[in-house]
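Here is the structure we will look at, set down as structure tokens.
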Amino acid sequence: MRRLVATFISLAMLFAGPASSQELTVDGEQAVRSVRLLVAGFIQPGFERFADDAELAAIATDELCEDPGERTLDAARAAFRASALALARVEFLRTGPLIQENRLERLLFWPDRRGIALRQVQGVIGSGDESVTDAENLPAKSVALQGFTTLEFLLFGTGSDDLASDAGHRCLFARAVARNIHAIAVELNAAWQDKDGYATLWSNPGEENPIFRNADEVVSELLSIPAEAFEIIRDQRLKPMLPEDGQANPKRALFWRSGISLEFVDAAFEALRSYYETAGISDILPEDESWLARSIEFEFNNAEATLDRLNMPVEEVLANEERVKDLDYLVILTQSLQSLFGQQVTAALGLSVGFSSLDGD
Amino acid sequence: MRLFSSTGLIDRRTLLRAAGGTFLAGLAPRAARALQDTDAVFASAYYDGDGSYGIALLAEDGTVIHRYALPERGHDAVFDPRGERVVVFARRPGTFAAAIDLRKDNEPLVFHAPQGRHFYGHGCFSTDGKLLYSTDNDYDNARGVIGVHDATDGFRRIGEFFSGGIGPHDMTVLPDGRTMLIANGGLETHPDYGRTVLNVATMKPNLTFVDLEESRILSVHELAPHLHKLSIRHLAMMEDGTTWFASQNQGDIHEPLPLAGSISPDGNVRLLDLAPEDLRLMRGYVGSVAANDRTGAVVLTSPQGNTALEIDGASGAVRERVTLPDICGAADRGDGFLLSSGMGVMDGHQTQLAWDNHIVRRPWNPA
């Protein structure tokens with residue numbers, strides 16, 4: 001797959017003139033303006049919504065434990081789904097606050113190829129370990145016990161239907177995990193709002209700035225986020241779903257228990273489109289490269305139409321040959337969009353697209 | 001006639017002797033001239049920009065002498081101790097390696113990692129040249145292994161042993177000939193998930209010494225717990241066996257953590273204390289490290305930061321800073337270093353090949 005991507009890089013792109021003479025086609029003000037628009041119009045609202053939805057999930061889980069029943073279990077499950085989809089809209093912003101203090105892994109320990117989380121969660125349930133019922137204790141525990149995949153198993157996994165009648169250890173564990181997720185979401189929201197925080201550094205490059213010295217670094221960050229996001233969608237969300245040697249295994253998909261595997265991908269695509277539009281990336285492209293904007297929009301439209309057909313649980317997708325073809329097509333779209341952001345737009349804006357730094361080793 | 005130090009330049013006559021007439025005859029006239037005019041040979045993997053990958057032999061001045069096509073993207077290469085053969089490994093998670101016998105004008109001999117393993121892109125020969133070691137991923141068991149290949153029999157796989165950690169990357173055999181040093185980068189990956197790192201929160205890279213004769217781990221050296229996201233990846237050994245290591249930060253790349261250091265043969269680890277300003281230039285990533293015994297210098301390159309830092313090995317002071325987009329390949333040469341970039345620059349000249357992350361120097365004074 002990677003080789004396929006690599007072949008998209010043409011010599012012309014690699015050697016678009018001696019790199020030292022390459023210059024950014026946008027001025028510092030334009031670059032900073034894009035980032036400010038993005039932060040205020042997409043990133044901050046995204047984390048605010050995530051914190052809100054995580055709070056609702058914590059409240060709903062709280063109510064389930066207070067008053068176990070079908071209604072409260074349904075509500076807790078619905079709140080889980082909503083907060084997980086809010087996560088989908090921000091989890092690709094893997095820079096600054098999200099990658100500090102293991103926040104990303106604590107929220108989403110995935111891929112979990114060896115089923116570590118399931119083993120640990122089942123171990124904790126089996127032993128009745130009381131310490132996991134207090135959210136204060138969770139940050140010091142394994143990252144696999146703290147986040148969405150754990151909460152999903154507790155609310156949807158084997159034995160979860162008992163939650164409708166029994167507010168015992170399992171429910172209190174779920175409540176602690178939901179509270180822990182909410183606490184992390186609050187930290188993220190605060191960090192992105194912080195006047196001296198990462199958002200300010202990103203939009204104020206300069207000699208004294210410890211991270212962003214110039215407009216090149218500002219724009220490079222702006223474009224590498226979506227490029228990596230499409231790689232994550234492909235390698236971590238889509239490819240595990242695809243049948244291997246003709247053998248479909250829906251349980252390899254993220255969030256198959258709660259039935260939102262495809263919705264999660266859909267939310268991520270939607271968010272990435274919003275990222276692209278909010279930052280006004282099409283506005284900063286040089287005029288003769290404006291076709292790139294049309295290509296990006298074309299691919300986003302293709303993805304949207306494809307995902308509309310995939311609006312169903314992953315088991316149903318895998319049972320239908322046509323829908324599996326749609327999944328294959330989505331994989332191709334992620335390659336195309338990764339190349340558009342990571343290479344073509346990057347080069348069009350005058351940044352070097354290196355062979356060695358494309359995917360480090 | 002020039003003088004050679006033990007780590008200096010190879011004798012071109014040795015290469016010609018080793019290469020034999022057929023090799024030279026097989027070269028284009030210009031390449032053959034370049035070979036005759038040169039005093040050193042390097043090798044580096046490349047991408048030709050048009051969908052094809054290969055490995056090139058280079059003269060001392062960085063001129064391409066000969067190119068060999070590879071089935072896919074190569075990474076690091078290693079010469080045997082006599083400088084007669086060069087083996088290039090696929091970039092992770094590739095499964096092929098290609099051996100080229102410089103004495104013959106032939107196609108590379110391609111061999112593969114066994115079922116359930118892939119190469120990480122680095123290897124080394126035993127001191128007698130009879131064995132080739134490779135860093136491999138036993139991915140279903142999330143365990144690093146060192147593959148052992150019979151270099152006298154078509155690089156047939158004859159065994160493997162535990163590398164002492166997860167994600168072994170670069171390795172070297174110390175001057176005593178029986179101790180191997182392995183950089184276990186600590187990254188768990190599996191082909192099912194591309195190059196996704198599966199264990200960022202819990203990764204524990206280390207440097208492991210292995211006794212090759214007794215096939216046992218001698219010692220394992222980890223950095224302080226707060227440095228556990230620094231994936232130790234590349235090594236460059238000095239004559240006395242002191243080995244420089246270089247890391248890549250898998251956490252917040254803007255955190256100013258030490259990206260390099262050295263380990264003595266007796267396991268004494270010294271971290272390189274770079275000024276925050278210099279660390280910042282590297283953007284949490286060292287792609288290649290090379291050491292020059294003649295000058296006591298070490299070079300660290302960062303394609304992410306478009307920077308190479310030449311360090312005084314004894315004091316740790318920065319001697320020189322080089323800015324070049326996508327700079328990565330580095331090998332010692334004369335009183336300095338040969339440097340290359342993924343943007344096609346080799347030794348300051350623009351070429352039409354995108355150079356992979358490493359350049360390897362052919363040993364001089366073949367045994």
Side-chain angles (χ1 to χ4, degrees), chain A residues 1-4 6-20 22 95-102 104-106 109-114 116 142-144 198 201 210-213 216-217 220 231-232 234-236 239-240 244 252 351-361, chain B residues 46-51 53 72-73 75 91-93 120-121 139 142 169 188 190 192-196 198-202 233 248 251-256 276 280 283 285 287-288 301-306 323-329 340-345 350-352 354-357:
Chain A
M1 247 1 143
R2 183 155 296 280
R3 180 151 185 244
L4 234 171
T7 56
F8 292 151
I9 317 166
S10 69
L11 254 188
M13 201 179 298
L14 279 169
F15 310 129
S20 52
Q22 271 191 317
T95 187
L98 192 55
I99 55 165
Q100 291 157 0
E101 296 171 39
N102 288 332
L104 173 65
E105 292 79 14
R106 290 169 59 208
F109 181 71
W110 184 269
D112 180 10
R113 200 186 63 80
R114 288 184 284 156
I116 293 169
S142 158
V143 293
Y198 194 79
L201 289 174
I211 301 177
F212 299 98
R213 191 59 52 97
D216 283 44
E217 294 180 349
S220 171
E231 183 175 6
I232 293 165
R234 181 177 65 250
D235 286 349
Q236 300 183 27
K239 282 166 74 177
E244 211 175 327
R252 279 164 48 95
L351 290 169
S352 59
V353 181
F355 181 56
S356 299
S357 56
L358 271 179
D359 59 350
D361 214 327
Chain B
Y46 65 82
Y47 172 57
D48 74 357
D50 203 23
Y53 298 89
E72 283 188 68
R73 185 169 177 181
H75 189 55
R91 185 180 173 84
R92 75 184 171 99
Y120 276 112
Y139 43 80
H169 202 71
E188 182 187 344
H190 191 283
D192 285 356
Y193 294 95
R195 291 160 68 94
T196 304
L198 303 169
N199 65 337
V200 173
T202 55
R233 301 290 266 280
Q248 299 170 2
D252 183 358
I253 61 162
H254 303 306
E255 212 180 332
R280 208 199 80 86
R283 295 191 85 79
Y285 189 102
S288 214
T301 62
S302 173
Q304 317 287 13
N306 306 318
T323 304
L324 180 71
D326 211 31
I327 189 166
C328 197
S340 68
S341 85
M343 307 282 290
V345 172
Q350 184 69 46
T351 70
Q352 289 305 306
W355 298 103
D356 207 85
N357 307 60

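Just so you know, these numbers come straight off a predicted model, no measurement behind them. Scope of the values below: all heavy atoms of this structure, side chains included, with no hydrogens, waters or symmetry mates. First the proteins, then the strands, lettered A, B, ... as listed; each starts at 1.
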Identify the two heavy atoms, one from B:Tyr193 and one from A:Arg113, that lie closest to each other, and give their separation to 0.1 Å.
CE1-CG, 3.7 Å
Using 4.0 Å as the upper bound for N to carboxylate O, is an ion pair formed by B:Arg91 and B:Asp356?
yes
Using atom types as modelled and distance alone, determine if a side-chain donor or acceptor of B:Asn306 lies under 3.5 Å from a backbone N or O of B:Asp326.
yes
How long is the gap from CZ on B:Arg283 to CD on A:Glu217, to the nearest 0.5 Å?
4.0 Å
Where on B:Glu188 is there a heavy atom nearer than 4.5 Å to chain A: the side chain, the backbone, both, or neither?
side chain
With only heavy atoms counted, which part of A:Arg213 is less than 4.5 Å from chain B, the side chain, the backbone, both or neither?
both
Quick one: which of B:Cys328, B:Ala201, B:Gly329 has the most heavy-atom pairs under 4.5 Å with chain A, could you say?
B:Ala201
